[in-house]
Amino acid sequence: MAIGFRVLQRRRAVSAEIVARFAALPVANVSDSMWRMSAAGARLTARHKPDVKMAGPALTVRTRPGDNLLVHKAIEMARPGDVIVVDAGGDLTNSIIGDLMTTLARTRGVAGFVIDGAIRDANDIYESGMAMYAAGVSHRGPYKDGPGEINVPVAVDGMVIEPGDLVLGDCDGVLCVPFDSVEPVLAAAEAKHADEQKEMARIKAGQADRRWVDTILADRGCEIEV
């Protein structure tokens with residue numbers, strides 16, 4: 001089997017229970033629990049309505065820029081709840097997906113797309129309810145010749161994603177939690193979220209403790225005029 005043009009099977013994937021628990025958390029809380037070091041860049045922006053959230057195991061695709069043959073194959077292979085992650089090299093010349101493929105993916109239960117490349121039919125996708133993160137928009141359609149690969153490690157705007165990793169998205173952006181790290185990250189993120197909920201209640205009640213600001217400034221040697 002030649003590297004560069006191959007379709008592999010996914011060997012593992014995060015469980016539906018883990019997906020559901022992460023889906024209840026803000027992506028920002030999960031990111032904070034990973035020391036803010038693991039995230040796709042700001043180029044991958046949400047192309048869907050603000051209330052749409054995304055969580056699911058990654059079905060990965062690496063494709064030649066401007067070509068979506070392997071994305072079509074990935075939709076055929078997808079299981080309900082999968083997030084299809086496409087490394088299209090970040091090229092925006094040709095779109096990788098449009099409303100026809102998005103509609104087909106919805107009928108198969110796909111939870112969302114992350115595309116390091118362009119989409120088209122942007123308004124139809126926005127209205128469809130499908131979670132869609134992409135680097136740009138182009139009316140020029142894709143080629144369907146290959147090559148490409150399915151279920152291999154990919155890199156999308158600085159973030160490495162392996163098949164079966166957890167992929168999350170909300171209005172703040174996209175994040176991947178590696179398969180082997182989901183349980184400790186989940187515990188930390190749930191604790192972080194609970195702490196923030198308590199702090200929010202204190203803020204609304206006018207009881208926020210802000211002494212930490214001056215403490216850090218003093219520790220850092222900041223001169224404060226009084």
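Computed from a predicted structure; not experimentally measured.
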Check: To the nearest 0.5 Å, what is the distance between CD1 (Ile125) and CD1 (Ile97)?
Finding: 6.0 Å
Check: Does the Thr215 side chain pair with the main chain of Arg211, one donor and one acceptor, at a distance under 3.5 Å?
Finding: yes
Next item on the list: Determine, step by step, whether Ile161 and Val156 satisfy the side-chain contact (heavy atoms from CB on, under 4.5 Å) criterion, reporting the C-alpha distance in whole Å, the side-chain angles of both residues, the deciding distance to 0.1 Å, and the verdict.
Entry: CA-CA 8 Å; Ile161 302 176; Val156 292; 3.8 Å; yes
Next item on the list: Identify the residue among Lys49, Met132, Arg47 that makes a side chain to side chain contact (heavy atoms under 4.5 Å, CB included) with Tyr126.
Entry: Lys49
Notebook entry, point to check: Would you say Leu175 and Leu186 are hydrophobically clustered, going by side-chain heavy atoms of ILVMFWY under 4.5 Å?
Noted result: yes
Notebook entry, point to check: Can you tell if the side chain of Glu76 reaches within under 4.5 Å of the side chain of Arg108, non-hydrogen atoms only?
Noted result: yes
Notebook entry, point to check: Out of curiosity, Met77 CE to Ile84 CD1, how far, rounded to the nearest 0.5 Å?
Noted result: 9.5 Å
Checklist line | Atom pair CZ/CG of Arg64 and Asp145 - distance to nearest 0.5 Å | finding: 5.5 Å
Notebook entry, point to check: Hey, is the main chain of Val177 close enough, under 3.5 Å, to the side chain of Ser181 for a donor-acceptor pair?
Noted result: no
Notebook entry, point to check: Just by modelled atom types, is the Gly148 backbone N or O under 3.5 Å from a matching donor or acceptor in the Thr63 side chain?
Noted result: no
Notebook entry, point to check: Between atom CE of Met130 and atom CZ of Arg106, what is the distance when rounded to the nearest 0.5 Å?
Noted result: 6.0 Å
Next item on the list: Give a yes-or-no answer on whether the side chains of Thr60 and Arg62 include a donor-acceptor pair shorter than 3.5 Å.
Entry: no
Margin query: Within the 4.5 Å heavy-atom criterion, are Glu149 and Ile3 side-chain neighbours or not?
Written below: yes
Next item on the list: Using the salt bridge (charged side-chain N to carboxylate O under 4.0 Å, His left out) rule, collect all pairs that involve residues 23-40, keeping only residues at least two apart or in two chains.
Entry: Asp32-Arg36, Asp32-Lys192
Notebook entry, point to check: Does any pair with a residue in residues 164-187 pass salt bridge (charged side-chain N to carboxylate O under 4.0 Å, His left out), and if so which ones, sequence neighbours excluded?
Noted result: Arg12-Asp180
Checklist line | Interatomic distance, Asp87 atom CG to Ile96 atom CD1 [nearest 0.5 angstrom] | finding: 10.0 Å
Check: Applying the 4.5 Å side-chain criterion to the ILVMFWY set and letting contacts propagate, would Val182 and Val27 be lumped into a single cluster?
Finding: yes
Note to self: Nearest 0.5 Å, please: how far is CD in Glu196 from CD in Glu199?
What the structure shows: 9.0 Å
Notebook entry, point to check: Can you find a heavy atom in the side chain of Thr45 that is under 4.5 Å from one in the side chain of Tyr133?
Noted result: no
Pairs under 3.5 angstrom only: tabulate donor-acceptor contacts from the side chains of residues 110-123 to other protein residues two or more places apart or in another chain.
| from | atom 1 | to | atom 2 | distance (Å) |
| --- | --- | --- | --- | --- |
| Asp116 | OD1 | Arg43 | NH1 | 3.1 |
| Asp116 | OD2 | Asp157 | N | 3.2 |
| Arg120 | NH1 | His139 | O | 3.0 |
| Asp121 | OD2 | Asp99 | N | 3.0 |

Check: Does a side chain donor of either Asn151 or Gln9 reach within less than 3.5 Å of an acceptor in the other side chain?
Finding: no
